[in-house]
Amino acid sequence: MVEAQIARRGVRDERVLAAMREVPRERFVIEAMRGYAFEDSALPIEAGQTISQPYIVALMLEAAAIEPSDRVLEIGAGSGYAAAVAGRLAREVHAIERLDELATLARERMAALGYDNVRIYAGDGTHGLPDAAPFDAILVAAGAPSVPATLRDQLVIGGRLVLPVGGSGVQRLLRIVRRGEDAFDEEDLGGVRFVPLIGAHGWSEPG
Ligand code: SAH
């Protein structure tokens, strides 16, 4: 999967590729989908959500330029897969999932795999995690209506925020780099498709 689908599409960061080889994706998908775990596509997980496409996980992690000493925040932990891969790259990962059921499962998966530098929280990730901030990198795995200032402001100077911005359907994947207290660079990395980011600084609750 890694060679054929990720390296060939342009992800070159060797640490990212090694981390993707190391984390068993089949442990993060539902039983019925095990046979598809190594195809480069998003797959359904519990609670009507999805595990991201491996190529997109790799692209986001490469864009976040995670160093071994980094502290990382992920919003939208879902299955926990991306957080697990990030955990192989970083010193510690804090990952927030809005749906309790998914947060519990993700936490169990980390424990089963012995990934003890990845901490899963249940709650609205659009607030970030003020108590553990600032972060060297923040990844958002759900499409936001705009860049939440709450997250931007929890970056260290030099920190990277990688997130999809846009409505349902297609979003733009952005990389925001904090250059100074109030200075941020923004770069468009291309079109992506994510489920909506639902919360106080995201879209409002469905229904
Ligand atoms: N990174 C995940 C992808 C999960 S899909 C993986 O590798 O499997 C995105 C997830 O974002 C969904 O599980 C959804 O419930 C969650 N989500 C949406 N809005 C959120 C919010 N405000 N805070 C935390 N999680 C949120």
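What you are looking at is a predicted structure, and each value in this text was computed from that prediction instead of being measured. As the structure lists them, so they are numbered: ligands from 1, and atoms in each ligand from 1.
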* More than 12 heavy atoms of other residues, nucleotides or ligands under 6.0 Å from CZ of Arg15: is that the case? -> yes

* **Gln53 and Asp40 side chains, donor-acceptor separation under 3.5 Å** => yes

* To do: Scan Leu197, Leu173, Val147 and name whichever one has a side-chain contact (heavy atoms from CB on, under 4.5 Å) with Val165.
  => Val147

* To do: For a side-chain contact (heavy atoms from CB on, under 4.5 Å) with Arg160, tell me which candidate from Ile138, Val72, Asp136 qualifies.
  => Asp136

* Asked: In terms of side-chain geometry, is the basic nitrogen of Arg179 or Asp185 positioned less than 4.0 Å from the acidic oxygen of its partner?
  -> yes

* Structure fact -> Contacts satisfying ring pair (Phe, Tyr, Trp, His ring centres under 6.0 Å) that involve residues 9-41 (not counting sequence neighbours) are Phe28-Tyr81

At less than 3.5 Å, what protein N or O atoms come close to the N or O atoms of ligand 1? Include the distances to 0.1 Å.
from, atom 1, to, atom 2, distance (Å)
ligand 1, 1 (N), Glu74, OE2, 2.9
ligand 1, 1 (N), Gly76, O, 3.1
ligand 1, 7 (O), Ala82, N, 3.2
ligand 1, 8 (O), Ser79, N, 3.2
ligand 1, 8 (O), Ser79, OG, 2.6
ligand 1, 13 (O), Glu97, OE1, 2.8
ligand 1, 13 (O), Glu97, OE2, 3.3
ligand 1, 15 (O), Glu97, OE2, 2.7
ligand 1, 19 (N), Ile198, N, 3.0
ligand 1, 22 (N), Asp124, OD1, 3.0
ligand 1, 22 (N), Ile198, O, 2.7
ligand 1, 23 (N), Gly125, N, 2.8
ligand 1, 25 (N), Arg98, N, 3.1

